[in-house]
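Starting from 1, each residue takes its place in the sequence as its number.
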Amino acid sequence: MNARSEPAQAGPDTPARPPLVRELLLVAGLFLVYKFGRRLATGETAEAFRNAHHVWDWERVLRLPDEGAVQSLLLHGDTLIHVANTYYAAVHFPATVAFLVWLYLRRPAHYLWARRVLAAVTGAALVLHLLFPLAPPRMLAATGLIDTARLFGPSVYGPPRTDTLSNQFAAMPSLHFGWALMLAIGLIVATRTRRRWLWLLHPLVTLLVIVGTANHYWLDVIVATALLGLALAVLRLPERPGRPRCALPHRRTEVRRRSSAERPELVGAGR
């Protein structure tokens with residue numbers, strides 16, 4: 001996969017890159033607010049498990065695929081499940097940061113758009129985490145799934161009762177998938193190479209990983225996709241670099257008029 005594209009030529013319409021210090025403080029502040037907000041829902045253990053049973057039952061009513069089928073594929077070998085756990089633990093946040101940094105340096109207009117979309121999706125996710133605490137499928141005995149990270153490693157979570165760094169009852173929506181899908185969409189929009197569609201492999205692999213490791217339900221992914229779709233519909237998509245401006249057709253018309261006006265004089269001069 002490659003994010004390289006033809007460099008956009010600088011011009012009077014090239015958007016100015018926002019101040020770096022301001023952006024660092026803004027992104028860091030949003031992240032801290034989100035982390036603090038997630039911690040507010042950590043005490044809703046009983047409600048989180050009740051909601052988990054409801055989600056599991058809803059998926060059966062909707063005839064969604066069994067998450068166990070995906071986990072069975074990953075459990076064919078210790079190496080494969082270890083890679084999946086590592087992908088879950090190590091790719092999500094660094095990939096999103098790298099995505100924003102690249103857009104900031106190479107596509108400032110797309111950076112502002114992507115940052116706003118990610119902030120909107122993350123804010124909406126925080127509200128859902130507070131209103132609908134949800135235990136992940138690895139904690140729900142009814143699913144028959146195992147905690148692959150705890151058994152095979154690596155794991156980013158400790159025991160729920162002693163884990164003070166994260167809220168493990170915030171499964172819906174899946175920001176792992178929401179951010180991954182936005183990364184792919186953002187790079188497809190911001191670049192012009194034929195291979196840019198390969199970025200869709202990132203959310204696809206993320207989907208298989210978060211379901212196969214029993215960290216998320218299918219409905220977590222569906223809700224995350226719906227939130228992202230709503231954010232993309234509300235927040236305006238930037239114009240693709242290099243798109244012809246509206247003034248060009250008018251300018252071409254003037255050139256044609258000048259050429260036709262000068263043509264009789266040139267013909268007469270040749271006689």
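- Between Tyr104 and Leu20 the shortest side-chain heavy-atom distance falls below 4.5 Å.
- When the options Val211, Val55, Val223 are evaluated for a side chain to side chain contact (heavy atoms under 4.5 Å, CB included) with Trp218, the one that passes is Val211.
- The two residues Asn85 and Gly153 make their nearest non-hydrogen contact at ND2-O, 3.1 Å.
- Cation-pi geometry between Arg60 and Trp56 is satisfied (NZ or CZ under 6.0 Å from the ring centre, within 45° of the ring normal).
- Side-chain contact between Glu59 and Tyr217 is present, with at least one heavy-atom pair separated by less than 4.5 Å.
- Inter-residue side-chain proximity for Leu227 and Leu128 is flagged as met; some heavy-atom pair is nearer than 4.5 Å.
- Heavy-atom minimum distance, Ala135 versus Ala52: O-CB, 3.6 Å.
- One finds the OG1 atom of Thr225 at 12.5 Å from the CG atom of Leu230 (value rounded to the nearest 0.5 Å).
- In plain terms, the two heavy atoms of His82 and Phe152 that are nearest each other are ND1-O, 3.6 Å.
- With a 4.5 Å cut-off on side-chain heavy atoms, Tyr111 and Arg107 do not count as touching.
- In this structure the side chain of Met139 reaches within 4.5 angstrom of the side chain of Phe169, judged on heavy atoms.
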Decide side chain to side chain contact (heavy atoms under 4.5 Å, CB included) for Phe177 and Asp220; before the verdict, give the C-alpha distance in whole Å, the side-chain angles of both, and the deciding distance to 0.1 Å.
-> CA-CA 9 Å; Phe177 183 78; Asp220 299 339; over 6 Å; no

List the steps, then state whether side chain to side chain contact (heavy atoms under 4.5 Å, CB included) holds for Met182 with Val121.
-> CA-CA 10 Å; Met182 181 57 203; Val121 171; over 6 Å; no

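- Aromatic ring pairs are classed by plane angle as parallel below 30°, tilted from 30° to 60° and perpendicular above 60°; the pair Tyr88 and His176 is parallel.
- Neither side chain, Arg138 nor Gln71, offers a donor N or O lying under 3.5 Å from an acceptor on the other.
- Note that CD of Glu67 and CG of Leu140 are 10.0 Å apart. Values are rounded to the nearest 0.5 Å.
- The line from CG of Leu198 to CG of Leu187 is 11.5 Å long, rounded to the nearest 0.5 Å.
- Connection of Val91 to Val101 is established within a shared hydrophobic cluster, with ILVMFWY side chains joined at heavy-atom distances below 4.5 Å, either directly or through further cluster members.
- Residues Val127 and Leu118 do not share a hydrophobic cluster, clusters being chains of Ile/Leu/Val/Met/Phe/Trp/Tyr side chains in contact below 4.5 Å.
- Environment of CH2 in Trp197: sparse, with no more than 12 heavy atoms of neighbouring residues, nucleotides or ligands closer than 6.0 Å.
- Closest of all the heavy-atom pairs between Leu103 and Ala190 is CD2-CB, 3.9 Å.
- In this structure, His216 contributes its side chain and Ala171 its backbone to a donor-acceptor pair below 3.5 Å.
- By the 30° and 60° cut-offs, the orientation of the rings of His110 relative to Trp113 is perpendicular.
- Distance alone, capped at 3.5 Å, is enough to place a donor-acceptor pair between the Asn51 side chain and the Pro133 backbone.
- Hydrophobic clustering, with ILVMFWY side chains joined whenever heavy atoms are under 4.5 angstrom apart, groups Val205 together with Leu207.
- No side-chain heavy atom of Val117 sits less than 4.5 Å from a side-chain heavy atom of Ile185.
- Looking at Thr122 and Trp179, their side chains come closer than 4.5 Å, going by heavy atoms from C-beta outward.
- Note: Ile222 CD1 to Leu62 CG = 7.5 Å, rounded to the nearest 0.5 Å.
- A continuous path of hydrophobic side-chain contacts links Leu219 to Leu228 [ILVMFWY only; heavy atoms under 4.5 Å].
- For the atom pair OG1 (Thr213) and CG (Asp147), the distance works out to 8.5 Å, reported to the nearest 0.5 Å.
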Taking it one step at a time, do Leu151 and Ile81 satisfy side chain to side chain contact (heavy atoms under 4.5 Å, CB included)?
-> CA-CA 10 Å; Leu151 294 177; Ile81 192 61; over 6 Å; no

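- Annotation for Pro136 and Asn215: closest pair CB-O, 3.5 Å, computed over non-hydrogen atoms.
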Steps toward side chain to side chain contact (heavy atoms under 4.5 Å, CB included) verdict (Leu75, Ile146) = CA-CA 10 Å; Leu75 290 175; Ile146 64 173; 4.0 Å; yes

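- Under the 4.5 Å side-chain criterion, counting only non-hydrogen atoms from C-beta, Arg115 is in contact with Leu26.
- How far CZ of Arg50 is from OG1 of Thr45: 10.5 Å, rounded to the nearest 0.5 Å.
- Closest non-hydrogen pair, Thr143 versus Pro137, comes out as OG1-O, 3.0 Å.
- Leu131 and Trp58 sit in two unconnected hydrophobic clusters of ILVMFWY residues. Membership requires side-chain heavy atoms under 4.5 Å apart, directly or through other members.
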